[in-house]
Amino acid sequence: MSDLDRLRDEYAARARRVALGDRYSPFNQANLFTIQQRQRALANALQKEELIPLDGKAVLEVGCGSGGVLLELLSLGAKAACISGVDLLPDRLAVAQARLPGLALQNADGRHLPYLAQTFDLLLQFTVFSSILDSAIWQAMAQEMLRVLRPNGAIVWYDFWLNPTNPHTRSIRPSEICALFPGCRIRFARVTLAPPLARRLVPFSWTLALLLEKLRFLNTHYLAIIRP
């Protein structure tokens with residue numbers, strides 16, 4: 001079985017698990033905490049890098065899934081006519097197309113993006129690379145992302161550096177990200193309180209969860225802004 005076939009099977013199994021519970025529901029307090037804190041971190045990073053306003057910027061999400069992050073971009077001011085998304089899995093893409101009928105969404109492999117060079121001002125990947133175990137696929141996807149990025153553009157990277165409880169993922173550390181994008185300037189921020197801890201803590205004390213996340217050492221993701 002190829003890594004991409006394994007990925008298809010894993011996302012199908014994950015969808016079945018999600019359907020049986022509310023762990024990833026926005027009405028689950030721990031998941032809401034994680035989403036809102038990630039949104040705050042993203043807004044701060046875009047502002048620090050002077051990437052706002054998003055109005056008029058051509059944006060692509062690689063691995064857009066069911067469209068949740070694209071909805072967040074719309075709320076941050078990106079224009080629907082300027083947003084594109086690709087995903088490997090048709091079922092997930094169909095959900096995104098139903099939620100976001102005005103967006104240009106395509107079924108595509110991240111190693112072969114169906115766009116001309118230097119098309120986009122902003123690219124995003126949220127927990128896509130960590131779902132892929134084959135480093136050769138990482139390399140091909142990173143090269144494609146740089147190919148379609150404009151010289152003054154940026155890649156927004158949000159992914160695990162630590163996920164020991166899920167054998168279907170591969171953690172990615174800053175040194176590996178730097179190797180994928182040689183010669184680029186990369187600003188890192190460690191974000192997202194460890195989800196197992198958040199699930200235990202947030203229902204009892206949202207404030208304590210905020211304080212622990214600020215300490216960074218219990219955070220499991222990096223939000224990185226990558227610029228050529």
Side-chain angles (χ1 to χ4, degrees), residues 24-87 96 99-100 102-105 120-130 145 148-150 152-162 172 174 177 181 184-195 197-198 201-202 206-228:
Y24 299 103
S25 166
F27 297 100
N28 179 303
Q29 287 297 299
N31 190 51
L32 180 64
F33 174 87
T34 296
I35 292 171
Q36 290 185 344
Q37 289 301 103
R38 188 195 68 207
Q39 290 173 339
R40 181 178 296 179
L42 174 60
N44 288 341
L46 293 174
Q47 190 169 27
K48 285 180 180 178
E49 286 290 321
E50 299 181 350
L51 291 167
I52 55 172
L54 297 180
D55 184 2
K57 283 186 168 62
V59 180
L60 170 67
E61 184 182 6
V62 178
C64 65
S66 58
V69 174
L70 296 179
L71 280 170
E72 295 174 18
L73 289 176
L74 289 170
S75 72
L76 290 173
K79 296 302 182 186
C82 300
I83 295 178
S84 300
V86 298
D87 200 89
R99 297 172 77 184
L100 301 161
L103 271 59
L105 307 179
F120 296 99
D121 301 296
L122 194 66
L123 271 74
L124 299 94
Q125 86 80 19
F126 279 43
T127 64
V128 173
F129 276 65
S130 62
M145 292 170 76
V148 302
L149 183 67
R150 290 173 179 161
N152 61 343
I155 296 169
V156 179
W157 171 289
Y158 173 78
D159 221 326
F160 291 101
W161 75 271
L162 179 66
I172 308 175
I177 300 171
F181 300 97
C184 292
R185 178 173 63 84
I186 306 178
R187 174 178 287 179
F188 292 96
R190 191 185 289 188
V191 299
T192 304
L193 184 65
L197 180 59
L201 188 59
V202 168
W206 188 289
T207 301
L208 182 55
L210 286 172
L211 292 173
L212 285 178
E213 190 175 70
K214 286 182 180 296
L215 295 177
R216 308 295 186 196
F217 75 96
L218 292 172
N219 294 354
T220 54
H221 294 61
Y222 275 103
L223 178 66
I225 305 294
I226 303 166
R227 308 196 76 156

Next item on the list: Give, for atom CG of L201 and atom CD of Q29, the distance between the pair rounded to the nearest 0.5 Å.
Entry: 12.5 Å
Notebook entry, point to check: In Å and rounded to the nearest 0.5 Å, what is the CZ to CG distance from R190 to L223?
Noted result: 13.5 Å
Side-chain donor-acceptor pairs under 3.5 Å in residues 77-86, sequence neighbours left out?
none

Check: Among V69, I226, L46, L123, whose side chain to side chain contact (heavy atoms under 4.5 Å, CB included) with V156 holds?
Finding: L46
Checklist line | Closest non-hydrogen atom pair between L100 and G67, with its separation | finding: CD1-O, 3.7 Å
Check: Taking only residues two or more places apart in sequence or in another chain, which ones pass side-chain contact (heavy atoms from CB on, under 4.5 Å) with A96?
Finding: L105
Checklist line | Side-chain heavy atoms of L193 within contact of N219, under 4.5 Å | finding: yes
Next item on the list: Enumerate the residue pairs fulfilling salt bridge (charged side-chain N to carboxylate O under 4.0 Å, His left out) with a member in residues 36-50, sequence neighbours excluded, ordered by first and then second residue.
Entry: R38-E72, E49-R185, E49-R187, E49-R227
Checklist line | Heavy-atom pair with the smallest gap, counting every atom of A198 and A30 | finding: O-CB, 3.6 Å
Check: Who pairs with A58 by side-chain contact (heavy atoms from CB on, under 4.5 Å), at least two apart in sequence or on another chain?
Finding: F120, D121, R150
Next item on the list: State the CG-CD1 distance between L162 and I172, to the nearest 0.5 angstrom.
Entry: 12.5 Å
Checklist line | Where at least one partner belongs to residues 30-50, residue pairs that pass ring-ring contact (aromatic ring centres under 6.0 Å, His included), sequence neighbours excluded | finding: F33-W206
Notebook entry, point to check: Taking only residues two or more places apart in sequence, or in another chain, which ones meet P228 in a side-chain contact (heavy atoms from CB on, under 4.5 Å)?
Noted result: L149
Next item on the list: For V202 and A209, work out which heavy atoms get closest and say how close.
Entry: CG2-CB, 3.8 Å
Item checked: salt bridge (charged side-chain N to carboxylate O under 4.0 Å, His left out) pairs, two or more places apart, involving residues 24-34 -> none
Margin query: So I52 and K57, do their side chains get closer than 4.5 Å, heavy atoms only?
Written below: no
Check: What's the spacing between D87 CG and E61 CD if we round to 0.5 Å?
Finding: 8.5 Å
Next item on the list: Drop me the distance from I225's CD1 to W157's CH2, to the nearest 0.5 angstrom.
Entry: 12.5 Å
Check: ring pair (Phe, Tyr, Trp, His ring centres under 6.0 Å) with Y158: which residues, sequence neighbours excluded?
Finding: F126, H221
Margin query: Would you say that L124 contacts L73 through its side chain, given a criterion of any heavy-atom pair below 4.5 Å between the two side chains?
Written below: yes
Note to self: The criterion is side-chain hydrogen bond (donor to acceptor under 3.5 Å, both in side chains); which residues satisfy it with D159, sequence neighbours excluded?
What the structure shows: Q125, S130
Next item on the list: Quick one: pull up CH2 in W161 and OG1 in T220 and give me the separation to the nearest 0.5 Å.
Entry: 8.5 Å
Item checked: Where at least one partner belongs to residues 209-221, residue pairs that pass salt bridge (charged side-chain N to carboxylate O under 4.0 Å, His left out), sequence neighbours excluded -> none
